[in-house]
Amino acid sequence: MLQQTTVKAVIAYYERFLTHYPTVQDLAAAPQEDVLHLWAGLGYYARARNLHACAKRVAELGQFPDTVEELLKLPGIGAYTARAIASIAFGVPVVPVDGNVERVTSRLFAIEDPLPASRPLLARQAALLNQPKAAQKRPSDFAQALFDLGATVCTPRNPSCLTCPWRPACQGHAKGIASTLPRKAPKQARPTRYGVHFILQDETGHRLMRKRPEKGLLGGMDEFPGTEWQSTPWTEKEALAAAPFLGPWTACGEVTHVFTHFTLRLMIYTATLPSGHNAGIDPSFGTFRSTERAALPGVMKKCLALTVADLETR
DNA sequence: CACGCGTGGTA
DNA sequence: TTACCAAGCGT
């Protein structure tokens, strides 16, 4: 859960997750649908699918692997997480390199080559940080102290060099460039994509939803039926051709959602199905279900909230 | 190796 | 408002 996600955002999800799945066997036995439902809103949904697959593998093995090499073979466990588990859970003297450790390392050694190209060099240098005997003796404390140094002292902006225990050894500070490191390659501009979604309610308050493909964007999560997301806006005529039934539809507003790599603008249409008319809808548009039980990603929750707000002001 | 993959917080 | 950032991984 903590991969690229802040502790604050994770805690509530973590607690809820552990309540449902106290052991790795419980998680391994759960339906994917339930796992994704508990993850909905946290983002990076491949992590949920990987964690689920990982639990199944560990249950199959009968125990957790305790070496970096074996941990790396598990789904969702990469160079960082394998070393975090090995050092924190099993006392193996290795250094997990996350964003914090990359920053600390780039400053300590005054590495000016920009990310992400400098990543292999940073990893090699970071691997040397636990040479001192005290670090070898307590791999778990060393790893977590390194994270905390990065999170509270050697911060991205305005680092507290005056209170830093490593200031005497810091080449970045000596050169006066610590706060400017790590350098980063310039980023690409974020394109905009456009889509139209239809929120169709039946007489019981259930809404028409379908499951997205297992892989790719929002993989395995639920959505309201709609158009593809393309680089140009849809005309009303084009959009309505993609609707799950004839209508009439109410244009209810627009939702903007920013993903890592593109901005999404969605037009939302709503309708309530006249009773007895829900048989003619093609199954490719989904089934009528309670939104409470669905695995709706943030962008779809926004769409739903818009229709609810729109209804109340109508 | 570059890119795709969410969401919330902060300056 | 925009830009950046967060206990990265898989392809």
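Lettering of chains follows the sequences in order, A, B, ..., and the numbering in each one begins at 1.
Ring-centre distance between A:W39 and A:Y13: not below the 6.0 Å cut-off. For A:F259 and A:F262, the ring centers sit closer than 6.0 Å to each other.
Comparing C:dG8, B:dG4, B:dT7 against the side chain of A:H261 picks out B:dG4 as the nearest. Checking C:dA7, C:dG10, B:dC5 against every side-chain atom of A:N100, the shortest atom distance belongs to C:dA7. Comparing B:dG9, C:dA7, C:dA6 against the side chain of A:K8 picks out B:dG9 as the nearest. Distances from the side chain of A:V299 to the nucleotides B:dC5, C:dA7, B:dT7 place B:dT7 closest. Checking B:dG6, C:dA6, C:dG8 against every side-chain atom of A:F259, the shortest atom distance belongs to B:dG6. Listed candidates were B:dC5, B:dG6, B:dT7. Nearest to the side chain of A:R47 is B:dG6.
The residue among A:G99 and A:K215 whose nearest nucleotide of DNA chain C is located toward the 5' end is A:G99. Residue-to-nucleotide proximity on DNA chain B shows that, of A:R193 and A:R157, the 5′-proximal contact is made by A:R193. Nearer to the 5' terminus of DNA chain B, by closest-nucleotide assignment, is the contact made by A:A117 (compared with the other of A:Y45 and A:A117).
Side chain of A:S290 to backbone of A:E292: a donor-acceptor contact under 3.5 angstrom is found.
If you take atom C1' in C:dA7 and the same atom in B:dC3, they sit 22 Å apart, rounded to whole Å. Annotation: C:dC9 and B:dG8 have their P atoms spaced 22 Å apart (nearest Å). A gap of 15 Å separates the C1' atoms of B:dC1 and C:dG8, to the nearest Å.
Not a single donor-acceptor pair, N or O on each side, falls under 3.5 Å between the base of C:dG8 and the side chain of A:T5. Residue side chain A:T81 does not reach the base of C:dG8 through any donor-acceptor N/O pair under 3.5 Å, judged by distance alone.
Defined by atom type and a distance below 3.5 Å, a donor-acceptor pair is missing between the side-chain atoms of A:N50 and A:R47. A donor-acceptor pair shorter than 3.5 Å can be found between the side chains of A:T81 and A:Q3.
Counting non-hydrogen atoms under 4.0 angstrom, A:P96 reaches nothing in the nucleic acid. Counting non-hydrogen atoms under 4.0 angstrom, A:A79 reaches the backbone sugars and phosphates but no base. Residue contacts for A:I77: at a heavy-atom cut-off of 4.0 Å it reaches the sugar-phosphate backbone alone, with no base atom in range. Residue contacts shown for A:G219 are absent, as no nucleic acid heavy atom lies under 4.0 Å away. Across all strands shown, A:R119 has no heavy atoms under 4.0 Å from either base or sugar-phosphate atoms. Within the nucleic acid shown, A:V258 comes within 4.0 Å of at least one base atom, counting heavy atoms only.
By the 6.0 Å and 45° rule, A:R265 does not stack over the aromatic ring of A:W234.
Between A:L217 atom CG and C:dC9 atom P the separation is 20 Å, expressed in whole Å. Between the P atom of B:dC5 and the CZ atom of A:R212 lies a distance of 9 Å, rounded to the nearest Å.
Contact annotation: A:Y44 side-chain N/O to B:dG4 OP1/OP2 distance is not under 4.0 Å. In this structure, A:Q4 reaches the C:dG8 phosphate: one of its side-chain N or O atoms is under 4.0 Å from OP1 or OP2. For B:dG6, the OP1/OP2 oxygens have no side-chain nitrogen or oxygen of A:H257 closer than 4.0 Å. Dashed line: the shortest gap from a side-chain N or O of A:R103 to OP1 or OP2 of C:dC5 is not under 4.0 Å.
For A:R190, the CZ atom is densely surrounded, since the number of other residues' heavy atoms within 6.0 Å is greater than 12.
Remark: C:dG8 base-pairs with B:dC5. Criterion, Watson-Crick or G-U wobble with two distances under 3.5 Å.
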